[in-house]
Novice: 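Quick one: this structure, given as structure tokens, is what I'll be asking you about.
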Amino acid sequence: MPQDPAAKKLLILGAGVGGLSVIKEIAEYDSAAAILDEIDITIVDEDFSHFLGFTLPWVMRGWRAADSVPIRPTEAALSRVNRVTGRVSAIDPQRRQATLADDTTLEFDALILATGARNAVDRVPGLADAVINGVAVHYYDYDAAAEAHRALSGFSGGRLMFLVTSPVYRCPVAPYEGAMLAADLLEATGVRAATEITAYTPEAQPMPSAGPYAGVELIAFLQQRGIAFHAEHQVVAVDSARRTVTFDNGTEAGFDLLMFIPPHRPAVTIGDEEWISVDTATMGTRHPGIYAIGDTTSVTTPWGRSLPKAAAFARNGAVSAARSALHYLGVIDGTEELSGQGYCYLDTGAGASSRGAGDFFAEPPQIHLSTPSAELNRQKTDEEHQWRALWETETPVLR
Ligand SMILES: Cc1cc2nc3c(=O)[nH]c(=O)nc-3n(C[C@H](O)[C@H](O)[C@H](O)COP(=O)(O)OP(=O)(O)OC[C@H]3O[C@@H](n4cnc5c(N)ncnc54)[C@H](O)[C@@H]3O)c2cc1C
């Protein structure tokens with residue numbers, strides 16, 4: 001993209017669901033062409049490869065190969081923006097600069113941070129050793145999900161424990177979806193009857209931000225599939241030699257294979273803040289002209305729960321932050337607050353999915369899980385096809 005030195009600079013850090021949704025949102029404005037005349041847009045990603053999270057449990061189940069999961073935007077799709085491949089190492093809000101690992105600096109007038117969350121396995125004592133010793137696996141990245149599939153496929157029965165290690169993690173249904181898909185796989189390998197499946201979490205119930213109903217309905221799905229659910233169990237340590245997990249309430253539980261949801265940390269921070277607080281009226285951080293969206297943010301809903309780290313809210317954040325940043329740069333009027341409308345599909349096994357949708361900002365949310373069906377599973381698959389088609393294309397998204 002040609003650069004006018006006088007043009008104002010919008011810098012987007014992270015080309016995953018949130019960062020790319022900012023581009024998609026700007027492309028949908030009637031004034032997109034005029035905006036591109038005035039604004040110089042740069043998007044940075046360490047590898048320009050992201051994924052829709054719900055495809056990872058499919059790798060764990062064995063329905064997808066790990067290398068089929070990454071979505072890589074083409075040069076053509078991003079042809080109207082500056083594309084920089086590099087790892088962001090620091091953001092200086094005062095000097096209006098982001099620094100990359102190779103010491104390149106990128107200047108900005110407005111910034112949208114969308115670098116998401118990372119797994120932080122080392123935050124639970126003993127967990128990394130359990131992985132190294134081959135008794136614990138997870139499915140929160142491509143390779144790990146493939147490893148989890150290998151471990152489950154070779155599992156000959158015994159105690160399979162699903163463990164949510166921290167209340168802050170991506171996708172509130174993913175642990176329970178994982179447990180149901182594991183049960184589905186073990187049916188197929190013939191060892192389900194010889195396997196006790198348990199799910200432990202620090203949460204009072206699954207999907208706590210979805211209101212009083214969805215979590216109870218999810219527990220019923222688990223019970224129907226013979227999966228025992230244990231709420232309010234916060235792990236403090238894992239002992240891979242004894243194959244036990246110790247919880248903060250003093251209890252201990254044993255496993256033969258541990259399938260865990262890793263602790264998370266933000267991929268990039270600003271100053272000493274961990275998860276970044278934003279004003280949901282604009283997605284603004286405490287630094288003027290700097291916005292944050294998606295998994296890297298911390299938003300408390302009016303009902304007093306944490307807004308889930310889910311694709312729907314990364315996209316909603318992009319809608320709000322795109323407007324706010326362009327308004328800050330003086331090229332459009334008005335801002336738009338973060339929408340609390342969200343949804344999630346939940347695979348229950350045997351090719352069926354349930355869906356929960358509604359307003360997460362309601363007091364309380366009135367979200368219910370629908371009866372699982374093959375049709376909902378097809379809709380979920382279509383969602384990936386549509387998103388992938390938008391970015392793996394020869395057509396520029398911004399024109
Ligand atoms: C197992 C699993 C299951 C999930 N299931 C669902 C689901 O069913 N439904 C749902 O809605 N959500 C689900 N999610 C969550 C969903 O994937 C995220 O909420 C969503 O991707 C968040 O978008 P984001 O833009 O904040 O982060 P991401 O999509 O993760 O994008 C972050 C981008 O930043 C880049 N990046 C990171 N650090 C740096 C750096 N230092 N420098 C440069 N670039 C960097 C990355 O390469 C990546 O491209 C799931 C997630 C997982 C892991």
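Values below: all heavy atoms of this structure, side chains included; hydrogens, waters and symmetry mates excluded. Both counts, for ligands and for their atoms, begin at 1 and track the order of listing. Quantities reported herein were computed from a predicted structural model and do not represent experimental measurements.
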Novice: Between Met60 and Leu222, is there shared hydrophobic-cluster membership here, with clusters defined by ILVMFWY side-chain heavy atoms closer than 4.5 Å?
Specialist: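 Yes; Leu222 is reachable from Met60 via cluster members.
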
Novice: Indicate, as side chain, backbone, both or neither, the part of Val88 found under 4.0 angstrom from ligand 1 when only non-hydrogen atoms are considered.
Specialist: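 For Val88, backbone and side-chain atoms both sit under 4.0 Å from ligand 1.
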
Novice: Minimum heavy-atom separation for Pro175 and Phe162, please, with both atom names.
Specialist: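 Nearest heavy atoms, Pro175 then Phe162: O-CD2, 3.7 Å.
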
Novice: May I ask you to identify, for Thr296, whether its side chain, its backbone, both or neither come under 4.0 Å of ligand 1 on a heavy-atom basis?
Specialist: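 Neither part.
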
Novice: If the cut-off is 4.0 Å to any non-hydrogen atom of Lys309, which atoms of ligand 1 fall inside it?
Specialist: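 Every atom of ligand 1 under 4.0 Å from some heavy atom of Lys309: 15 (C), 19 (O).
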
Novice: List every atom of ligand 1 that sits less than 4.0 Å from any heavy atom of Gly86, numbering the atoms from 1 in the order shown and giving each element.
Specialist: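 Reading through ligand 1 atom by atom, the close ones are 42 (N), 43 (C).
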
Novice: Please could you name the atoms of ligand 1 that Asp47 approaches to less than 4.0 Å, counting only its heavy atoms?
Specialist: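 Listed by number with element, the hits are 47 (O).
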
Novice: What do we get for Ala310 next to ligand 1 when only non-hydrogen atoms under 4.0 Å count, side chain, backbone, both or neither?
Specialist: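 The answer is both, backbone and side chain.
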
Novice: Heavy-atom pairs closer than 4.0 Å: do any link ligand 1 to the side chain of Arg170, the backbone, both, or neither?
Specialist: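 Side chain only.
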
Novice: Between Phe221 and Tyr176, does the ring centre distance come in under 6.0 Å?
Specialist: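 Centroid separation for Phe221 and Tyr176: 6.0 Å or greater.
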
Novice: So which heavy atom in the protein is nearest atom 31 (O) of ligand 1, and how far is it from that ligand atom?
Specialist: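 Sorting protein heavy atoms by distance from atom 31 (O) of ligand 1 puts Gly16 CA, 3.2 Å first.
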
Novice: Nearest 0.5 Å please: distance from the CZ atom of Phe260 over to the OG atom of Ser166.
Specialist: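 Interatomic distance, Phe260 CZ to Ser166 OG, rounded to 0.5 Å: 12.5 Å.
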
Novice: Looking only at protein heavy atoms, which one is nearest to atom 12 (N) of ligand 1, and how far off is it?
Specialist: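 Protein heavy atom at minimum distance: Ala311 N, 3.2 Å.
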
Novice: What protein heavy atom lies closest to atom 8 (O) of ligand 1? Include the residue and the distance to one decimal.
Specialist: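 Here the closest protein heavy atom is Phe54 CB, 3.3 Å.
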
Novice: Could you name the option among Pro175, Gly342, Cys171 that has the heavy atom nearest to atom 7 (C) of ligand 1?
Specialist: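 Among Pro175, Gly342, Cys171, the closest heavy atom to atom 7 (C) of ligand 1 comes from Cys171.
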
Novice: Which of the atoms of ligand 1 are close to Ala267, meaning less than 4.0 Å from one of its heavy atoms?
Specialist: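 Under 4.0 Å from Ala267, ligand 1 has these atoms: 37 (C), 38 (N).
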
Novice: Should Val268 be counted as touching ligand 1, given the test is an N or O pair under 3.5 Å?
Specialist: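 No; the residue has no nitrogen or oxygen that sits under 3.5 Å from a nitrogen or oxygen of the ligand.
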
Novice: Nearest to atom 27 (O) of ligand 1 by heavy atom, Gly116, Pro70, Ala312: which?
Specialist: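 Nearest option to atom 27 (O) of ligand 1, by heavy atoms: Gly116.
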
Novice: Please report the closest heavy-atom contact between Val397 and Leu390, naming both atoms and the distance.
Specialist: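 Residues Val397 and Leu390, closest heavy atoms: CG2-O, 3.5 Å.
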
Novice: Ligand 1 and Val17, any nitrogen or oxygen pair closer than 3.5 angstrom?
Specialist: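 Looking only at distances, the answer is yes, because the N/O contact criterion of under 3.5 Å is met.
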
Novice: Provide the number and element of each atom of ligand 1 under 4.0 Å from a heavy atom of His50.
Specialist: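 By the 4.0 Å cutoff, the relevant atoms are 49 (O).
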
Novice: Between Glu383 and Leu52, which heavy-atom pair has the shortest distance, and what is it?
Specialist: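 Heavy atoms of Glu383 and Leu52 come nearest at O-CD1, 4.3 Å.
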
Novice: Counting non-hydrogen protein atoms only, what is the nearest one to atom 53 (C) of ligand 1? Give residue, atom name and distance.
Specialist: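 The protein heavy atom lying closest is Tyr140 CD2, 3.4 Å.
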
Novice: Can you see which heavy atom on Leu258 is nearest to which on Val245, and at what distance?
Specialist: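 Distance-wise, the nearest heavy atoms are CD1-CG2, 4.3 Å.
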
Novice: Would Gly14 count as a polar contact of ligand 1, with the cut-off being nitrogen or oxygen pairs under 3.5 Å?
Specialist: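 For ligand 1, there is no N or O atom that lies under 3.5 Å from one belonging to Gly14.
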
Novice: Before we go on, tell me: are the rings of Phe360 and Phe313 under 6.0 Å apart, centre to centre?
Specialist: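 Yes, they do, as the ring centres are separated by less than 6.0 Å.
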
Novice: Which atoms from ligand 1 have a heavy atom of Cys344 less than 4.0 Å away?
Specialist: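 Per the distance check, 8 (O), 9 (N).
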
Novice: Glu274 and salt bridge (charged side-chain N to carboxylate O under 4.0 Å, His left out): which single residue from Arg123, Arg265, Arg118 fits?
Specialist: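 Between Glu274 and the candidates, salt bridge (charged side-chain N to carboxylate O under 4.0 Å, His left out) is satisfied uniquely by Arg123.
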
Novice: If I apply the N/O under 3.5 Å rule, does Arg118 come out as touching ligand 1?
Specialist: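 The answer is yes, given that Arg118 and ligand 1 share an N or O pair closer than 3.5 Å.
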
Novice: Could you go step by step and tell me if Lys380 and Glu384 meet the salt bridge (charged side-chain N to carboxylate O under 4.0 Å, His left out) rule?
Specialist: CA-CA 7 Å; Lys380 184 175 181 178; Glu384 187 202 359; over 6 Å; no

Novice: Mark up the atoms of ligand 1 that fall under 4.0 Å of a heavy atom belonging to Tyr139, in ascending order.
Specialist: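 Checking each atom against Tyr139, I get 1 (C).
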
Novice: Relative to the heavy atoms of Gly18, which atoms of ligand 1 are at a distance of less than 4.0 Å?
Specialist: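 In order of numbering, the contacting atoms are 23 (O), 24 (P), 25 (O).
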
Novice: Please report the interatomic distance SG(Cys171) to NZ(Lys309), rounded to the nearest 0.5 Å.
Specialist: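 With rounding to 0.5 Å, SG (Cys171) is 12.5 Å from NZ (Lys309).
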
Novice: Identify, for atom 44 (N) of ligand 1, the protein heavy atom at the shortest distance, and state residue, atom and that distance.
Specialist: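 Here the closest protein heavy atom is Glu46 N, 3.1 Å.
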
Novice: Nearest heavy-atom pair of Gln97 and Phe108: which atoms, and what distance?
Specialist: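 That closest heavy-atom pairing would be N-CE2, 3.2 Å.
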
Novice: So, the side chain of Arg323 versus the backbone of Thr282: is there a donor-acceptor pair under 3.5 Å, distance only?
Specialist: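 Pair absent, no side-chain N/O of Arg323 close to backbone of Thr282.
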
Novice: Which option, Ser49, Gly53, Ala117, owns the non-hydrogen atom nearest atom 51 (C) of ligand 1?
Specialist: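 Residue with the shortest heavy-atom distance to the ligand atom: Gly53.
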
Novice: Parallel, tilted or perpendicular: which fits the ring planes of Tyr200 and Phe247, with parallel below 30° and perpendicular above 60°?
Specialist: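 The arrangement is parallel - the two ring planes meet at less than 30°.
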
Novice: Identify, for atom 35 (C) of ligand 1, the protein heavy atom at the shortest distance, and state residue, atom and that distance.
Specialist: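 Atom 35 (C) of ligand 1 sits closest to the protein heavy atom Asp45 OD2, 3.1 Å.
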
Novice: Do Tyr142 and Ser49 have side-chain N/O donor and acceptor atoms under 3.5 Å apart?
Specialist: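 Checked: Tyr142/Ser49 side chains pair up, N/O donor to acceptor below 3.5 Å.
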
Novice: With no hydrogens and no angle check, just 3.5 Å: does a side-chain donor-acceptor pair link Ser373 and Glu375?
Specialist: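 Looking only at side-chain atoms, Glu375 and Ser373 do not form any donor-acceptor pair under 3.5 Å.
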
Novice: Which is it for Glu177 and ligand 1 at heavy atoms under 4.0 Å: side chain, backbone, both or neither?
Specialist: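 Within the 4.0 Å criterion, Glu177 makes no contact with ligand 1.
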
Novice: Side chain, backbone, both or neither: which part of Ala15 comes within less than 4.0 Å of ligand 1 when only heavy atoms are counted?
Specialist: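 Contact part for Ala15 vs ligand 1: backbone (N, CA, C, O).
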
Novice: What protein heavy atom lies closest to atom 19 (O) of ligand 1? Include the residue and the distance to one decimal.
Specialist: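 Its nearest protein heavy-atom neighbour is Asp295 OD1, 2.7 Å.
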
